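Input: a single structure, listed below in C-alpha cells.
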2 protein chains.
Amino acid sequence: MLDTIKPDARPLYAQVRDILIERIHTGTWSPGQSLPSEMSLAAELGVSQGTVRKALNTMADDSIIERRQGKGTYVTEHTSTQVLFKFFQIYEANGNRIEPGTGKSKLKINRASKEVARSLKLKPGEEIIEITRLRTHNNNPIIDELIILPRKLFSGLELQKNLPNTLYDFYQRDYAITVSEVEENLTASVATKKQAKELNLKEGAPLLVIDRIAADIEQTPIERRISYCTTDNLKYVAKLR
Amino acid sequence: MLDTIKPDARPLYAQVRDILIERIHTGTWSPGQSLPSEMSLAAELGVSQGTVRKALNTMADDSIIERRQGKGTYVTEHTSTQVLFKFFQIYEANGNRIEPGTGKSKLKINRASKEVARSLKLKPGEEIIEITRLRTHNNNPIIDELIILPRKLFSGLELQKNLPNTLYDFYQRDYAITVSEVEENLTASVATKKQAKELNLKEGAPLLVIDRIAADIEQTPIERRISYCTTDNLKYVAKLR
DNA sequence: GAGTGGTCTAGACCACCCT
DNA sequence: GGGTGGTCTAGACCACTCT
C-alpha cells in the first residue's frame, strides 16, 4: 500500500485522508462501522501513527467520522435526529429547536431545466425526481418544500410509497449517499395565493426562501431543495467565525 | 510562568491557548503584530514546542491569529475588506460579492430595553448607542440598518462626526475590540411605508431581516445589529458542514 | 488487563521568507 | 545563512471503555 503514497506531492496526511475517504465512499467501511485503530492503519499504510491521527482528526472536523476515546473511530451515521441537528437551522423565535413533521407530499419525474442542471452539475434535460411536500410543526403548516434529485442517483425512489420524514438518513441507508455539506441561499418573498392557502396565511405574507444545494463527502451535489418558510414564530440561525 | 499552568486541570494546550488569548486581549500583542516564535513561547511557558503549536493552531482555526510559513504568527488585524469577506454574507443573485457603501446615518444615546439588555448581556436601562444607517450598492439603497452598542465599551463614539463605512476594523483600531464571532437570526418581513420609501420599494415588498449579535474573542457580546435587506437582486449565503 | 483514542514530548527534515 | 512555520516520526503516559 506504500506505493499509493507518492513522495513530494501533497502532504502525507492529506494523501492518507484521501485514501480513507475513498474507502468510506466505496463502502470498505460503512456508516456506523468502526475503522481499524490508528496503529493498524499506520502499519498498513506505511506511515507513522501521528500522520494517520492528523488525517483522522481533519476528517472528524468535517464530521465524516466520529472518534470516541477508549472505543474507536466510527464512520458517521446519519440518524434522523442527528441530521436534523446538523442541517436544519430553523428554530422557534424563542430559540427552541423544532422537529418538523411532514404533511401531504407529491412526487413526479421531470427533466432538468438549464438552471437546475447547472446547480446539480447535470446536463440539461437529464431526468430528475421532484418532490413537493408540506412540513408541519405542532400540526401547523410551516414550510412549503420542493426537493429535486438526480434520478440516476436515486433509481427506484419514485416507486417508494411513503417517503420518510427525514431524508438524509434515508439517502444514506438506502442509496449509500451521505450528505456532508450544504450551501443555502436565503432570500425573502411574499406568499402567492396558493402558498398562502397551504401555509394558512394571508396572500402577501412574508416568507423566507431557503434554496439549498446538498453535496456528498466527495463534494458531488446530490440534492436541490427550495423551502418556503413562514417566520411568524420561526427564525433561521447562522453562526459565523 | 510554569506556575500559571496547573497539572490535572484542562489539557496543557488549552491552558496555553487561554494564556495567549488573555495576552492578546490585554494588548501584550496588538493586531497586526507578530507573536514570539513557537520555540521561545515553549521555553517561556515551560512546555514543548508541539503543545504551543497545538494551541496556536486552534487559535488560527478560530482566526484569532494568522500563521505564515517562513515569516511568523500574527494577531489577526481587521481590514475593511477582510472583515467584509468574513462577516458579510450578502451576495448578488448571480453570486458576485458586494461591497456596500453607506448613505445617510443617524446616532443617538438611548437606554437598553429588557430585550436589548438580554441580548447584549447588559442591565435593563444601561446606556446604549443607537446608529441607524442606509447601506448602498451601486448607488442604490439595499439595506436599512440599526446598530446598538453598549455605551460603556465605546465611550466617545457618539462625538465622532463621520463613522467609517466598515465598523469592525474601526472597533479594533479605536476601541481595541476585536469581533471574533457573530450569530445571525434571519426572518422575513414586509416593508413598512417608511422602509419602502428609504429603500425605494413598494410598501409590502419582502425584506430579509438579519438580527445579529457580534462577540469578541472572549465571547462577550459587543454589538447588536438589525438589518432590513432587499432581496430583489441579493441573497444571503450560508454554508454548513 | 487489554485496547482505544487523547495528550505531551523530543527531535528531524523541509519549504518559505528575509537579509 | 539563519529563522520561521509545516510535516513527519517515535515513544511515553493518561483517560476511557469493555470484558
Side-chain angles (χ1 to χ4, degrees), chain A residues 1-21 23-24 29 32-77, chain B residues 1-21 23-24 29 32-77:
Chain A
M1 192 51 67
L2 230 173
D3 3 50
T4 31
I5 301 178
K6 294 196 181 129
D8 250 335
R10 305 169 54 219
L12 255 188
Y13 71 85
Q15 298 178 48
V16 170
R17 180 190 152 104
D18 288 347
I19 291 172
L20 298 179
I21 286 185
R23 288 194 189 170
I24 291 172
W29 306 299
Q33 287 186 341
S34 71
L35 268 62
S37 72
E38 294 181 350
M39 285 304 283
S40 54
L41 282 173
E44 186 214 343
L45 298 171
V47 300
S48 81
Q49 187 196 9
T51 301
V52 170
R53 166 159 297 172
K54 182 146 187 183
L56 290 174
N57 282 340
T58 68
M59 290 165 68
D61 288 344
D62 295 344
S63 41
I64 295 168
I65 55 175
E66 288 163 11
R67 318 198 72 195
R68 279 169 241 156
Q69 185 175 151
K71 294 197 71 179
T73 301
Y74 297 80
V75 181
T76 299
E77 186 174 29
Chain B
M1 192 51 66
L2 230 176
D3 4 52
T4 32
I5 302 179
K6 289 187 186 142
D8 252 334
R10 307 171 50 221
L12 256 189
Y13 71 85
Q15 299 178 47
V16 170
R17 180 192 153 104
D18 289 347
I19 292 173
L20 298 179
I21 287 184
R23 288 194 191 170
I24 291 172
W29 306 300
Q33 286 185 341
S34 72
L35 269 62
S37 72
E38 295 180 350
M39 284 304 285
S40 54
L41 283 172
E44 185 216 343
L45 298 171
V47 300
S48 80
Q49 187 196 8
T51 301
V52 172
R53 166 158 298 171
K54 183 148 186 181
L56 291 174
N57 282 340
T58 68
M59 291 165 69
D61 288 345
D62 295 343
S63 41
I64 294 168
I65 55 176
E66 288 164 13
R67 318 198 71 194
R68 280 170 240 155
Q69 184 175 153
K71 293 196 71 177
T73 301
Y74 297 80
V75 181
T76 299
E77 186 173 28

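Quantities reported herein were computed from a predicted structural model and do not represent experimental measurements. A, B, ... follow the sequence lines: proteins, then strands. Residue 1 opens every chain.
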Original post:
Taking CE from B/Met39 and C1' from D/dG2, how many angstroms apart are they, rounded to a whole number?
Top reply: 14 Å

**OP:** Using a cut-off of strictly less than 4.0 Å, decide whether B/Lys54 has a side-chain nitrogen or oxygen near OP1 or OP2 of C/dC8.
**Re:** no

Original post:
Residues two or more places apart in sequence or in another chain: which of them pass side-chain hydrogen bond (donor to acceptor under 3.5 Å, both in side chains) with A/Arg67?
Top reply: A/Glu38, A/Asn57, A/Thr73

Subject >> Whether B/Thr76 side chain and B/Ile64 backbone form a donor-acceptor pair below 3.5 Å >> reply: yes

**OP:** Provide, to the nearest angstrom, the distance between the CD atom belonging to B/Gln15 and the C1' atom belonging to C/dT7.
**Re:** 12 Å

Original post:
Should B/Arg67 be listed as having a side-chain N or O under 4.0 Å from OP1 or OP2 of D/dT4?
Top reply: no

**OP:** Nearest 0.5 Å please: distance from the CD1 atom of A/Ile24 over to the CD atom of A/Gln33.
**Re:** 10.5 Å

Original post:
Where is the tightest heavy-atom contact between B/Tyr13 and B/Ala55, given as atom of each residue plus distance?
Top reply: O-CB, 3.4 Å

Original post:
Given atom CZ of A/Arg10 and atom P of D/dT7, what is their separation to the nearest angstrom?
Top reply: 11 Å

Original post:
Any side-chain N or O of B/Tyr13 less than 4.0 Å from the OP1 or OP2 oxygen of C/dT7?
Top reply: yes

Original post:
More 5' along DNA chain D: A/Val52 or B/Arg68, using each one's nearest nucleotide?
Top reply: B/Arg68

Original post:
What is the distance, rounded to the nearest whole Å, between atom CD of B/Glu66 and atom C1' of D/dG5?
Top reply: 14 Å

Each nucleotide N or O in nucleotides 17-19 of chain C that has a protein N or O under 3.5 Å away: list the pair and distance.
unit_1, atom_1, unit_2, atom_2, d
C/dC18, OP1, B/Lys71, NZ, 3.3

Original post:
Quick one: is A/Thr73 getting a side-chain N or O under 4.0 Å of the C/dT4 phosphate, OP1 or OP2?
Top reply: no

Original post:
Under 4.5 Å between any side-chain heavy atoms of A/Leu45 and A/Thr51, yes or no?
Top reply: no

**OP:** In whole angstrom, give the distance that lies between atom CD of A/Glu38 and atom C1' of D/dC14.
**Re:** 14 Å

Subject >> Between C1' of C/dG5 and CE of A/Met59, the distance in whole Å >> reply: 15 Å

Subject >> For A/Thr58, all residues meeting side-chain hydrogen bond (donor to acceptor under 3.5 Å, both in side chains), sequence neighbours excluded >> reply: A/Arg17

**OP:** Give the rounded distance in Å between these two atoms: CG of B/Leu41 and P of D/dT4.
**Re:** 11 Å

Using nucleotides 10-12 of chain D, report all nitrogen or oxygen pairs with the protein that are shorter than 3.5 Å.
none

**OP:** Measure from the side-chain heavy atoms of A/Thr51 and tell me the nearest of C/dG6, D/dT9, C/dT4.
**Re:** D/dT9

Original post:
Does B/Asp61 have any salt bridge (charged side-chain N to carboxylate O under 4.0 Å, His left out) partners at least two apart in sequence or in another chain, and if so, which?
Top reply: none

Subject >> By salt bridge (charged side-chain N to carboxylate O under 4.0 Å, His left out) - contacts of A/Glu77 (at least two apart) >> reply: none

Subject >> Nucleotide C/dT7, atom P - distance to CZ of B/Arg17 in whole Å >> reply: 13 Å

